[in-house]
Amino acid sequence: MDTAIAAGCVLIALALLVLPDGARAGIAGVIRGSIVSPLAAVQQRAGLARRAFMEHDSLVRVADSIVQRSQRLDEFAAENARLRSLLGLGRALRWGFVPAEALVGRGMGDEHTLVLSAGRSAGVERLSAVVAADGLVGVVQDVDERTSVAITWPHPEFRVSVTSADGAAFGIVAAYRGPADDEGYLLELRGVPFRAQIRSGTPIVSSGLGGIFPRGILVGTVLEQLGETSGWTRTYLVRPAVRPSDVTSVMILSPERNAEGVESVWAPAIEALNRRVIGAGDSLARRARDSTAAAMRKHLIDSLAAVVPPARVATPPEDPR
Amino acid sequence: MISARTVTLAIAVLGLLVLQYTVRPILDWRAGIDFLVIALLVLAVRVRPGAAAAAGFAIGLIADALTPEAFGAGALAMTLVGFAASRLKAGFFAENIWLNAVFVFVGKVAFDVVYALAEQRLGGMELLGQLFVWTPLAALATAVVGLIVMAMVRPSFERRHR
C-alpha cells in the first residue's frame with residue numbers, strides 16, 4: 001500500500017515534469033494563488049527585508065551625501081550671487097580694475113586686513129581702492145609681486161572722505177569705536193558741518209577728495225546722529241555697505257580709474273537707497289499729518305465738552321419722524 | 001481525536017515551512033539551509049512510508065509552485081526522499097543524535113541529486129559543481145540545523161512514548 005502511494009506520487013510528479021509549459025504554469029499559478037499564497041507573501045517580505053538590510057548602509061551614505069549636497073546648495077547659491085554681482089560690477093566699471101580673490105585675515109592683529117591674489121605684476125599699486133559689488137572694502141597697503149595686502153574699513157587707520165549722496169554734507173568716515181558689541185561692525189561719519197543735517201537712510205559715498213578713493217563709491221547708509229562736537233560739527237553712525245568678513249572677491253581700482261571717477265557704477269544702488277529714504281520720509285510726514293489732525297480733533301472735542309453739557313454733546317438729536 | 005504528538009509534529013513541520021520562506025530568503029546563501037527537507041525528515045521518521053511519500057509530494061509541490069520553471073522536480077525528489085527516509089528510519093533514526101545529522105545530510109544530498117537530474121536545467125561542469133560543491137555544503141548547513149531541530153523535537157516525543 002505504501003509503495004503504491006509512493007509510486008502514485010512519483011508518477012504524478014513525473015507527469016507534472018513532462019507537461020507543457022503552459023499547463024505547468026497554470027497549475028503552479030493555482031497553487032500559488034491558494035495554499036501557497038501566504039508563504040509567497042512571506043517570502044516576498046523576507047526578500048524585501050534582506051534587500052533593505054543589505055542596502056541600509058549604502059542608502060544612509062546616499063542620504064548623507066544628498067543632505068551634504070543640499071546644505072552646500074545654499075553656499076553655492078550665495079557664491080553664485082556674489083560672483084554675479086561682481087560680474088555686474090566688472091561690467092559697470094568696464095576698465096581700470098584688477099579682479100582679485102580676497103582672503104580675510106583671521107589671526108590676532110590681522111583681522112582687519114585682506115590678502116589679495118593680485119600684486120604688482122597685475123598692475124596693483126599701493127593705496128589703490130579696493131571695492132566689492134556692494135561698495136567700498138578698503139585700500140591696498142602693501143604690494144608684493146603676486147599678492148597684495150589691503151586694510152579694510154574696520155582698521156583703526158582707515159579713513160575715507162565722504163559726502164552724502166546728494167552732495168549736501170561732507171565728512172570723514174572711520175571705523176566706529178563704540179560699545180564692544182558694535183565695534184568693527186559700524187562706521188562713524190565725523191566732521192559734518194552743523195548746518196548740514198543728514199536723514200537716516202541717506203547713502204554715503206566717497207567724495208573723491210584726497211586722491212585715493214574716486215568719487216562715488218558707496219560707503220554705507222546713515223543710521224542715526226551720534227552727537228555734536230562743540231556745536232560746530234555733527235557725528236553720525238553709518239551702516240557699512242560691505243561686511244569685510246563676507247568678502248571673497250574684490251576689484252582693485254587703478255589710479256587711472258580713480259581719476260576718471262566711478263560715480264555711475266553705484267548710481268543705481270544709491271538711487272534705490274534714496275528712494276527708500278524719500279518713501280520713509282513721506283510715510284513719516286503722512287503719519288505726522290494724521291497725528292496732528294487727530295490732536296486737533298481731540299482738542300476741538302475737549303473744547304466743546306468744556307462749553308456744552310456732556311449729555312447734549314453725547315446724545316444725537318432725535319429724528320422728528 | 002488528535003494526539004499531542006501529532007500537534008507537536010504539525011507545529012514543527014509548519015514552523016520549518018515558515019522558516020523556509022522567511023529565514024532562507026534573508027540569508028540568501030548559495031549553499032542555503034533547506035528547512036523543507038528537515039521538515040520532511042522529521043515527519044517521515046514518524047509516519048508510514050506511504051504517508052511520508054504523500055507528505056513529500058505535497059511539500060515538493062509547495063516548493064515547486066514558487067519555482068515554476070522546475071515544476072514537478074521538487075515533488076518527485078521530496079516523494080522519493082520521504083519514502084526512503086521512512087523506510088530507512090530504523091537504521092538511521094537511532095538513539096545516537098549524530099546519526100540524525102548524517103540522516104539529514106544524506107536526505108538533502110539525495111534531494112538535490114534527484115532534483116538536479118529531474119529539473120534538467122544544469123548540465124556539464126555546472127551540474128558537477130552543483131552536486132560536488134554546493135550540494136555538500138548545503139547538506140552540511142542543513143544537517144547542522146536539522147540536528148538542532150531534532151534535538152529540540154526529540155524530548156517531547158520521548159516523553160509521549162514513555
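Just so it is clear, the model here is predicted, and its values are computed rather than measured.
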When A:A40, A:C9, A:G29 are compared by non-hydrogen pairs under 4.5 Å with chain B, the top option: A:C9

Could you tell me which portion of B:T22 (side chain, backbone, both or neither) has an atom closer than 4.5 angstrom to a non-hydrogen atom of chain A? both

Which heavy atom of A:I31 sits nearest a heavy atom of B:A65, and at what distance? CG2-CB, 3.6 Å

Highest number of heavy-atom pairs under 4.5 Å with chain B among A:V18, A:V10, A:L11 belongs to A:V10

Side chain, backbone, both or neither of B:F71 within contact of chain A (heavy atoms, under 4.5 Å): both

Note: vs chain B, highest number of non-hydrogen pairs under 4.5 angstrom among A:L19, A:T3, A:I35 is A:T3

Could you tell me which non-hydrogen atom of A:W153 sits nearest to which non-hydrogen atom of A:A175, and how far apart they are? O-CB, 3.5 Å

For A:W266 versus A:A132, what's the shortest heavy-atom pair and its separation? CZ2-O, 3.4 Å

Which pair of heavy atoms, one from B:L76 and one from A:L17, lies closest together, and at what distance? CD2-CD1, 4.0 Å

Answer with side chain, backbone, both or neither: which region of B:Y21 has an atom nearer than 4.5 Å to a non-hydrogen atom of chain A? both

Chi angles and distances behind the side chain to side chain contact (heavy atoms under 4.5 Å, CB included) call for B:I38, B:V104: CA-CA 7 Å; B:I38 300 171; B:V104 175; 4.2 Å; yes

Is the shortest heavy-atom distance from the side chain of B:M125 to the side chain of B:L128 under 4.5 Å? yes

Side chain from CB out, backbone as N, CA, C, O: work out which of these in B:L17 comes under 4.5 Å of a heavy atom of chain A, or both, or neither. both

Tabulate below the donor-acceptor pairs under 3.5 Å that side-chain atoms of residues 29-37 of chain B make, not counting sequence neighbours, or state none.
residue	atom	partner	partner atom	Å
B:D34	OD1	B:L36	N	3.2
B:D34	OD1	B:V37	N	3.3
B:D34	OD2	B:K108	NZ	2.9

Between A:A6 and chain B, with a heavy-atom cut-off of 4.5 Å, which part of the residue counts as in contact: side chain, backbone, both or neither? both

As a test of understanding, state which of A:V124, A:V139, A:I217 forms a side-chain contact (heavy atoms from CB on, under 4.5 Å) with A:L253. A:I217

Could you list which of residues 42-70 of chain A have a heavy atom closer than 4.5 Å to any heavy atom of chain B, in residue-number order? A:V42, A:Q43, A:A46, A:G47, A:R50

Go through it in stages, so that I can follow the logic: the residues are A:I151 and A:H112, the test is side chain to side chain contact (heavy atoms under 4.5 Å, CB included), and I'd like the CA-CA distance, side-chain angles, deciding distance and then a yes or no. CA-CA 6 Å; A:I151 58 167; A:H112 302 318; 5.9 Å; no

Stepwise, does the side chain to side chain contact (heavy atoms under 4.5 Å, CB included) test hold for A:V140 with A:I252? CA-CA 8 Å; A:V140 174; A:I252 305 165; 3.9 Å; yes

